[in-house]
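Proteins come first, then strands; the chains are lettered A, B, ... in the order of their sequence lines, and each starts at number 1. Atom set for the values below is all heavy atoms of this structure, side chains included, hydrogens, waters and symmetry mates excluded.
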Protein chains: 2
Amino acid sequence: MKDKTSYKDKKVISIGVISELTGLSERQIRYYEERKLIFPERTNGGTRKYSFSDVEALVDIANKMEDGVQTYEIRQEKIREKKKIDKEKIRKQMLKGQINAQFGVQK
Amino acid sequence: MKDKTSYKDKKVISIGVISELTGLSERQIRYYEERKLIFPERTNGGTRKYSFSDVEALVDIANKMEDGVQTYEIRQEKIREKKKIDKEKIRKQMLKGQINAQFGVQK
DNA sequence: CGTGTAAGGAATTCTGACACG
DNA sequence: CGTGTAAGGAATTCTGACACG
């Protein structure tokens, strides 16, 4: 089992600090959420909470925007990446199944 | 050179989230600051900002408080620890100086 | 399309103080 | 000593909209 509760992915930072950390305006940050490029959590009151991973993602986004890439394209790219990773995951899962069938794990 | 800009020590979390993360009331968290057990930074507007390290420190403090330890004692303990670490640091520094004098680094 | 801004309101945080024990 | 709480105010954030291009 991996750690999974790393600080890096914990959504705890509010938008003001995120703005400072990334150099982006709050408007930009909210807009990128609207375009489904980032996914903050919310407090009960409705305030957005981000992680350090989100900071990194936002910096990446900012760089691409500078290069004239549109939010739609950035989103498509992310979807492609995700699919690739999912496929890889399944491949590994199947391989493990094969190995177990041959050598391992009898009930 | 070490990293030094690890996420763990970055002061970015506001007191509401810290309260949730530690289970302590905001009152308690502010009081422990008053007693010099934690040292949040501030935004320009004056809002406190904490790090994940602070979360860990607060949990430690909470445990000691449960055991009936007073804030003053906790503070003294921290001071002792710090002194010990500083002494160790100087010792290493001097050792390095000795080695350089014998083998290394001529101008 | 991507971003700035003014608007009005709600959630969040701040300080100093009183209370209890 | 350590913590809860009500009080009043200030900083922060939220949404929906208009503007520009």
Side-chain angles (χ1 to χ4, degrees), chain A residues 10-79, chain B residues 10-79:
Chain A
K10 273 225 152 191
K11 308 267 186 178
V12 295
I13 312 172
S14 57
I15 197 165
V17 175
I18 293 293
S19 175
E20 284 184 355
L21 256 38
T22 60
L24 296 167
S25 70
E26 299 186 7
R27 179 68 164 102
Q28 289 174 306
I29 297 166
R30 293 197 192 98
Y31 181 66
Y32 299 152
E33 175 184 0
E34 188 184 320
R35 301 312 311 270
K36 300 198 185 306
L37 300 182
I38 41 169
F39 305 92
E41 292 180 359
R42 299 272 183 151
T43 64
N44 296 326
T47 303
R48 272 168 267 248
K49 292 184 298 182
Y50 302 85
S51 67
F52 283 112
S53 295
D54 291 328
V55 173
E56 294 184 4
L58 283 166
V59 171
D60 277 3
I61 292 167
N63 284 137
K64 286 174 187 163
M65 294 301 287
E66 271 186 48
D67 296 347
V69 186
Q70 292 187 199
T71 57
Y72 179 79
E73 306 177 57
I74 297 175
R75 172 145 169 69
Q76 291 307 312
E77 202 177 319
K78 289 212 174 174
I79 291 173
Chain B
K10 275 224 150 189
K11 308 266 186 177
V12 295
I13 314 174
S14 57
I15 198 166
V17 175
I18 292 293
S19 175
E20 284 184 356
L21 256 37
T22 60
L24 295 167
S25 70
E26 299 186 8
R27 179 66 163 104
Q28 288 174 307
I29 296 166
R30 292 197 193 98
Y31 181 66
Y32 299 152
E33 176 184 0
E34 189 185 319
R35 302 311 312 269
K36 302 199 185 306
L37 301 182
I38 42 171
F39 306 91
E41 291 179 0
R42 300 272 183 152
T43 64
N44 295 326
T47 303
R48 273 169 265 248
K49 292 184 297 182
Y50 303 85
S51 68
F52 284 111
S53 297
D54 291 328
V55 174
E56 294 184 4
L58 282 166
V59 170
D60 278 2
I61 292 167
N63 285 138
K64 285 174 187 163
M65 294 300 288
E66 272 187 48
D67 296 347
V69 185
Q70 292 186 198
T71 58
Y72 179 79
E73 306 177 57
I74 297 175
R75 172 143 169 70
Q76 291 309 311
E77 200 178 321
K78 289 210 172 173
I79 292 172

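Annotation: ring pair (Phe, Tyr, Trp, His ring centres under 6.0 Å) contacts involving residues 20-43 of chain B, sequence neighbours excluded, are absent. Sorted by first and then second residue, the side chain to side chain donor-acceptor pair (under 3.5 Å) pairs involving residues 45-54 of chain B (not counting sequence neighbours) are B:Asp9-B:Ser53, B:Lys11-B:Asp54, B:Glu33-B:Arg48, B:Ser51-B:Asp54.
Every residue meeting the salt bridge (charged side-chain N to carboxylate O under 4.0 Å, His left out) condition with A:Glu26, not counting sequence neighbours, appears here in chain and number order: A:Arg30. Not a single side-chain hydrogen bond (donor to acceptor under 3.5 Å, both in side chains) links A:Thr43 to another residue, sequence neighbours left out. A:Thr71 is linked by a side-chain hydrogen bond (donor to acceptor under 3.5 Å, both in side chains) to A:Arg35, counting only residues two or more places apart in sequence or in another chain. Checked against side-chain hydrogen bond (donor to acceptor under 3.5 Å, both in side chains), A:Glu20 has no partners two or more places apart in sequence or in another chain. Residues meeting the salt bridge (charged side-chain N to carboxylate O under 4.0 Å, His left out) test with B:Glu56, sequence neighbours left out: B:Lys8.
For the atom pair CG (A:Leu37) and CD1 (A:Ile74), the distance works out to 6.0 Å, reported to the nearest 0.5 Å. Distance check: A:Ile18 CD1 to A:Ile13 CD1 gives 4.5 Å after rounding to the nearest 0.5 Å. For the atom pair B:Gln76 CD and B:Gln70 CD, the distance stands at 11.5 Å (nearest 0.5 Å).
Residue A:Ile29 contributes atom CD1, which lies 15 Å from atom P of D:dT12 at whole-angstrom precision. Between B:Ile74 atom CD1 and D:dG2 atom C1' there is a gap of 11 Å when expressed in whole angstrom units. Atom CD1 of B:Ile13 is separated from atom C1' of D:dT12 by 17 Å (rounded to the nearest Å).
Residues from residues 60-71 of chain A placing a heavy atom under 4.0 Å of any atom in DNA chain D do not occur.
Taking only side-chain nitrogens and oxygens, B:Tyr72 never comes nearer than 4.0 Å to OP1 or OP2 of D:dG2. The shortest distance between the side-chain N/O atoms of A:Tyr31 and the OP1/OP2 oxygens of C:dG4 is not below 4.0 Å.
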Each nucleotide of nucleotides 13-20 of chain D classed B (base within 4.0 Å of a protein heavy atom), S (only sugar-phosphate) or -, in 5' to 3' order, makes SSB-B---
If you write DNA chain C from 5' to 3' in dot-bracket form, with Watson-Crick or G-U pairs under 3.5 Å, [ ] for crossing pairs and | for pairs with another strand, what do you get? .||||.||.|.|.||.||||.
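Of the two residues contacting DNA chain D, namely B:Arg35 and B:Asn44, the nearest-nucleotide position lying further toward the 5' end is that of B:Arg35.
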Side-chain polar contacts of residues 57-67 of chain B - donor-acceptor pairs under 3.5 angstrom, sequence neighbours left out - could you list them?
none

